Structures are given as C-alpha cells and as structure tokens.
J.: 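Got a structure here, written out as structure tokens. Questions coming.
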Amino acid sequence: MPSPDHLTQSNERALKALIAWWADAGIELDAPIVRPRAERAAAAPAKTQASHSREPVYDSPAPRAATAAAAKAAGFGDSAGSGPSAREAAAKADDIEALRKIIEDFEGCTLKRTARNTVFSRGNPAAKIMIVGEAPGRDEDERGIPFVGRSGQLLDKMFASIGLGEDDLYISNIVNWRPPGNRNPTQEEVAVCLPLIERHIALAKPDVLILTGGVAAQSLLRAEAGITKLRGKWTEYAVKDAGGEASDNNISCLPIFHPSYLLRQPAHKRLAWADLLALKAHMSEIAAE
Ligand code: URA
C-alpha cells in the first residue's frame with residue numbers, strides 16, 4: 001500500500017470512503033490516517049480515551065478529555081495553548097451564519113478528515129435554550145445535523161415532555177465532526193474545538209444553557225467533577241469574549257445526563273425527569289419576570 005504521502009486525490013477520496021465504511025462497521029481508528037507528512041510531524045500524537053465507546057463514559061466521574069487538569073494542560077480557556085487558531089477563526093464571526101461558514105472551512109481539527117459532514121446546529125438560533133452535546137455520531141455525520149439518531153430522538157422526547165419543541169431549542173455539540181467509530185473525542189480534539197462552541201454560545205446568547213453529558217459539562221465549565229455530580233445543579237456559565245476571556249455576562253446553566261447514557265441506563269431517566277422539571281420551573285420564572 002502506498003504511503004499517505006503518495007496518495008493521489010482520487011485514491012485519497014477512496015481511502016476516506018473506506019475509513020468511513022470501517023467506522024460505520026464499528027472498526028475503530030485511533031487517528032485519521034490520511035495526513036500530509038508536514039502535518040504529521042507538526043501534530044502532537046493523538047491521545048485516545050481509555051474507552052473507545054462514547055456512551056458508557058457519559059456519566060463516568062471524570063473522563064480524561066475534560067478534567068480540569070487536562071483542560072489546563074490542553075490550553076482550554078485561555079488564548080494560549082492548542083486552540084488559538086480556532087479562537088482566531090471564530091473571533092471573525094459576528095453572527096451565527098458567519099460562524100457556520102468559518103467552522104465549515106476550518107481545517108484545524110483532524111476529525112474533519114474522516115467525517116462526511118460538518119455538523120453545526122439545528123433548531124432555532126433565537127431560542128432561549130441552547131443544548132450542547134458532545135460529538136456527532138453516525139446518523140449526524142451522514143445528515144450534517146446534530147442529534148438526529150437514537151439519542152437525538154430521546155432528546156427530543158425529553159424536551160417535548162416539558163412542552164418544548166424544535167422552535168424552543170437550539171442544539172449543537174462541543175465537536176463538529178464525528179470521531180471515527182463513535183469513539184470519544186480526544187483531549188486534543190476537544191481542546192481544538194472548544195473555542196468554536198464558546199463563540200457559538202456567545203453569538204446565540206441563550207438565556208439557559210443545557211450541557212448533556214460529562215464532556216460538554218466538564219469542558220465548558222472547566223469542571224473536575226463527573227456528570228453524576230454535576231447534573232441537576234444549576235450553575236453559571238461565563239460567556240467568553242472573542243479573545244476567549246470570561247466576560248461579566250453569565251448564562252444559567254444546567255448539566256444533565258446525556259440521552260445516549262439514558263438509553264443504556266433507563267433507570268436514571270428518573271433523575272433526568274427531575275432535571276427537566278427544574279428546567280421547566282426555571283423557564284416559568286424567566287417568563288414571569
Ligand atoms: N451525541 C451527541 O453528543 N451529539 C450528537 O449530535 C449526537 C449524539
């Protein structure tokens with residue numbers, strides 16, 4: 001087999017399709033394999049999570065990707081570190097559509113090389129509630145829309161159960177490209193993409209931010225605790241300015257279990273229901289103000 005450096009455009013395309021097919025079949029790749037030599041030399045080695053299946057770790061105490069220590073080490077939350085090019089690109093967006101275009105053109109995340117589509121958002125950008133998940137899965141990758149697979153259907157049912165539909169919600173993810181084989185995004189991938197979702201939140205300006213699962217909650221809140229501890233507790237998310245600094249503007253934020261986790265652990269739907277009722281009460285309070 002020729003080395004990736006000798007790939008022509010057409011066999012690169014074929015290889016990419018093959019990788020996508022493997023990924024769909026559940027064959028997991030630790031890192032994209034089609035990378036120019038210069039980029040391979042420049043890139044730090046991709047670190048993978050202990051588990052390659054995203055679902056079981058959604059409620060684990062502290063996935064390595066997003067512990068506070070890992071967040072610092074990876075440069076989360078400041079304009080130095082591994083995220084500045086995403087930060088600089090995202091800073092140029094003055095509205096959500098401009099950010100969509102910037103993310104579609106962004107080449108700084110290696111996940112894009114194996115993904116079929118960039119998965120940006122769905123729902124109403126002017127909604128009061130913004131939901132942030134972890135990363136697209138196979139269905140989302142195929143359609144270029146977040147939360148359209150089984151977990152998305154559950155997410156929709158959960159919010160419908162408190163009277164909230166597509167027009168009341170705006171939905172995105174920490175990472176805009178599917179990790180091959182549905183593995184967890186690595187620490188490096190989360191670090192690269194974090195400035196993009198932080199800008200997305202700043203531009204959407206929701207009244208309430210719902211973070212589904214450990215990776216979303218820990219990375220955006222710079223939290224060390226796992227989702228089991230974080231869920232159901234209201235906190236404040238400090239909106240980041242274009243340079244990545246925390247502004248004085250805070251958004252009420254509620255971490256909840258990820259719907260994928262609830263599909264595997266239906267007994268925990270009881271806790272998720274309590275969180276949804278807390279959200280409903282909070283929205284009524286906002287409406288009464
Ligand atoms: N899981 C996520 O976190 N996001 C999606 O878009 C789909 C599944």
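All of these numbers come straight from a predicted model, not from anything done at the bench. Just so you know, ligand 1 is whichever comes first in the structure, and atom 1 is the first atom listed for that ligand.
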J.: Which option, Pro146, Ala135, Gly133, owns the non-hydrogen atom nearest atom 5 (C) of ligand 1?
T.: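 Answer by nearest heavy atom: Ala135.
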J.: What do you reckon, does Phe147 have a nitrogen or oxygen under 3.5 Å from a nitrogen or oxygen of ligand 1?
T.: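 The answer is yes, given that Phe147 and ligand 1 share an N or O pair closer than 3.5 Å.
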J.: Any atoms of ligand 1 less than 4.0 Å from a non-hydrogen atom of His258? List them with their elements.
T.: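 Within the 4.0 Å cut-off of His258, ligand 1 contributes 1 (N), 2 (C), 3 (O).
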J.: How many angstroms lie between OG in Ser219 and CG in Leu194, if you round to the nearest 0.5 Å?
T.: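 Reported to 0.5 Å precision, the distance equals 5.0 Å.
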J.: Does the pair Arg113 and Glu107 meet the rule for a salt bridge (Lys or Arg N to Asp or Glu O under 4.0 Å), with working shown?
T.: CA-CA 9 Å; Arg113 294 170 175 268; Glu107 297 296 339; 5.4 Å; no
J.: Donor-acceptor check, side chain of Ser284 to backbone of Lys280, threshold 3.5 angstrom: yes or no?
T.: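 Checked: pair present.
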J.: Which atoms of ligand 1 are found less than 4.0 Å from any heavy atom of Ser151?
T.: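 Those of ligand 1 that fall under 4.0 Å from Ser151 are 8 (C).
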J.: Mind checking whether Glu134 contacts ligand 1 via backbone (N, CA, C, O), side chain (CB onward), both or neither, at a 4.0 Å heavy-atom cut-off?
T.: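 Under 4.0 Å from ligand 1, Glu134 contributes backbone and side-chain atoms.
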J.: Look up atom CG in Leu196 and atom CD1 in Ile103, then write down how far apart they are to the nearest 0.5 Å.
T.: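 Spacing of CG (Leu196) from CD1 (Ile103) equals 4.5 Å.
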J.: Any cation-pi pair here, Arg100 with Phe120, using under 6.0 Å and within 45°?
T.: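 No; the conditions do not both hold, so Arg100 does not lie above the ring face of Phe120.
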